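Note that the structure is a prediction, hence the values are computed from the model and not measured.
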Amino acid sequence: MLLFLAEAEIQQMIQKRQLKIQEIKHSVDLSEEDADRAIAEGVQVFTSLKESAERGLNELINTIKEKQKTTEKQAEAFIKELEQEISELMKRSTEVEQVLHSEDHLHLLQSLNIQQPPPPKDWKEVSICPLYEGTVVKAVAQLEKTLSKEMKKLLEAELKRVQQYAVDVTLDPDTAYPKLILSDDGKQVNLGYVWKNLPDNPERFSRYGAVLGKQSFSSGRFYLEVQVKGKIEWTLGVARESINRKGHIFLCPQYGNWTILLRNGNEYKAGTYSVVRLSLKSPPQKVGVFVDYEEGLVSFYDVDAAALIYSFTGCAFTEELFPFFSSFFMGGGRNSAPLIISPVRVN
């Protein structure tokens, strides 16, 4: 009987390892597909950029050549006019010299019919100034505009790709700071004024207005979107399971969290040991959070603008990760709008 159980256990172990081999092979196939797609996208984008750069260079050369032709024509016209004036002046000079050497000045003047010459042109103000200044800068600015468009396309494609890893996340009331108000469906949170009499279990934040998601992740990729519209302060990201829940939280990876935050309505920051200020073109209304556990990557996106806000790279994850939410403070009612975990819609 014991031998039979041992044999069954061995067969089960063999089966598990065979399944693991299949899983690894499948992961390699998926990785190869991702690599091919990434290469194809890269080739397309860089080919487009190369073509734009070559087109811009050709336009720049043609513009400069056209300006040079215009300059040459202008110079030729000036030279022709100057030569004509010199010819007229030389003719006048000859006529005047004849008058000066003639004995019958009156008769010679009448025969030559010398008239008062027109006032001479003031050539001091005339110059040839090739207008090349700013030509290259303008061409580079146009190339940057094209690059910006291509980058936007690339980011839109990247956002769509990470949205494929969307997960259904709900808030865990057992972790919620006692002043937080959670919706019944576990999708919304904001900060209230009343301290609720809740059990001070080990999972609960007792000094920081935060709550974790119920779902945890220890491998693979996951993505979620959070509406931050109407808020003047918030913190979003992920935290490891062992994050300090009973004291002050330092927002940086060294203390087990990878977050971005808004303070004072317009100060966007990345929670790092030396806080990184973020310069955003417009305030995001919905923030996407993407994690690749094996790659050690946490990225944040402005969903509506399809723009990358910030990425933590080279992270060494060793514990389960939980989505992390903080409504921070009430601000006299100005921060009363909730954080909302939104359904992900791929455009």
Side-chain angles (χ1 to χ4, degrees), residues 1-46 153-172 174-175 186-187 203 212-226 236-243 253 256-259 287-301 303 306 308 310-325 341-347:
M1 183 67 180
L2 290 174
L3 288 174
F4 177 77
L5 289 174
E7 175 64 18
E9 186 176 341
I10 290 170
Q11 291 301 321
Q12 189 177 20
M13 292 171 67
I14 291 171
Q15 188 176 14
K16 284 183 178 179
R17 281 154 179 77
Q18 289 174 335
L19 289 172
K20 192 65 180 179
I21 289 173
Q22 292 177 9
E23 180 186 332
I24 292 171
K25 287 182 177 179
H26 181 62
S27 296
V28 171
D29 291 338
L30 291 177
S31 176
E32 187 176 359
E33 290 175 8
D34 285 347
D36 290 341
R37 183 170 59 249
I39 289 171
E41 288 178 355
V43 168
Q44 182 180 358
V45 169
F46 279 91
K153 289 180 185 178
L154 192 61
L155 284 170
E156 287 173 351
E158 180 184 339
L159 181 57
K160 286 181 180 180
R161 191 161 56 247
V162 301
Q163 285 176 329
Q164 304 299 322
Y165 298 97
V167 292
D168 185 16
V169 172
T170 53
L171 302 169
D172 185 355
D174 291 335
T175 67
K187 295 292 186 179
E203 298 82 15
L212 299 179
K214 276 186 180 180
Q215 295 73 20
S216 64
F217 305 88
S218 57
S219 64
R221 301 163 180 166
F222 66 93
Y223 174 84
L224 67 148
E225 292 179 353
V226 183
L236 289 175
V238 293
R240 67 189 181 201
E241 187 175 19
S242 63
I243 188 173
N257 57 87
W258 295 261
T259 61
V287 175
V289 183
F290 173 69
V291 176
D292 188 327
Y293 195 98
E294 282 74 22
E295 287 294 323
L297 173 69
V298 182
S299 292
F300 299 88
Y301 297 88
V303 176
L308 179 66
Y310 187 79
S311 286
F312 292 92
T313 58
C315 309
F317 301 130
T318 57
E319 301 179 28
E320 291 186 77
L321 296 178
F322 292 81
F324 179 94
F325 311 84
I341 302 172
S342 305
V344 176
R345 294 183 177 88
V346 181
N347 297 326

With a 4.5 Å cut-off on side-chain heavy atoms, are [Y] and [X] touching?
{"X": "Leu212", "Y": "Glu203", "result": "no"}
{"X": "Val291", "Y": "Arg221", "result": "no"}
{"X": "Phe325", "Y": "Leu236", "result": "yes"}

_By salt bridge (Lys or Arg N to Asp or Glu O under 4.0 Å) - contacts of Asp172 (at least two apart)_ =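 Scan of Asp172 (salt bridge (Lys or Arg N to Asp or Glu O under 4.0 Å), adjacent residues dropped) gives none.
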Interatomic spacing from [atom1] in [X] to [atom2] in [Y] - rounded to 0.5 Å:
{"X": "Leu159", "Y": "Glu225", "atom1": "CG", "atom2": "CD", "value": "7.0 Å"}
{"X": "Ile341", "Y": "Leu171", "atom1": "CD1", "atom2": "CG", "value": "4.0 Å"}
{"X": "Leu155", "Y": "Leu308", "atom1": "CG", "atom2": "CG", "value": "6.5 Å"}

*asked:* Could you report the tightest heavy-atom contact between Gly220 and Glu294, atom names first, then the distance?
replied: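 Where Gly220 meets Glu294 most closely, the heavy atoms are N-OE1, 2.9 Å.
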*Over all heavy atoms of both residues, which pair between Val169 and Pro323 is shortest? Give the atoms and the distance, please.*
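Heavy atoms of Val169 and Pro323 come nearest at CG1-CG, 4.0 Å.
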_Any donor-acceptor pair under 3.5 Å from Glu320 side chain to Arg240 backbone_ =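 No, Glu320 side chain to Arg240 backbone: no donor-acceptor pair under 3.5 Å.
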_Residues that Phe217 engages under ring-ring contact (aromatic ring centres under 6.0 Å, His included), provided they are two or more places apart_ =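 Testing Phe217 for ring-ring contact (aromatic ring centres under 6.0 Å, His included), a comparison that skips the adjacent residues, returns Phe222.
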*asked:* Strictly below 4.0 Å, N to O, side chains only: are Asp168 and Lys187 in salt-bridge contact?
replied: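 Counted as a salt bridge, because a side-chain N and a carboxylate O are separated by less than 4.0 Å.
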Would you mind writing out the side-chain donor-acceptor pairs for residues 13-21 within the sub-3.5 Å range, not counting sequence neighbours?
{"from": "Arg17", "atom 1": "NH1", "to": "Met13", "atom 2": "O", "distance (Å)": "3.1"}
{"from": "Lys20", "atom 1": "NZ", "to": "Glu23", "atom 2": "OE2", "distance (Å)": "3.3"}

*Trp258: which of Phe300, Tyr293, Phe317 passes ring-ring contact (aromatic ring centres under 6.0 Å, His included)*: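 Considering Phe300, Tyr293, Phe317, a ring-ring contact (aromatic ring centres under 6.0 Å, His included) with Trp258 is found only for Phe317.
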*Phe324/Phe322 aromatic ring centres below 6.0 Å*: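 No, ring centres 6.0 Å or more apart.
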*Describe, in one word, how the ring planes of Tyr223 and Phe290 are oriented to each other, choosing from parallel (under 30°), tilted (30 to 60°) and perpendicular (over 60°).*
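Aromatic pair Tyr223/Phe290 classed tilted.
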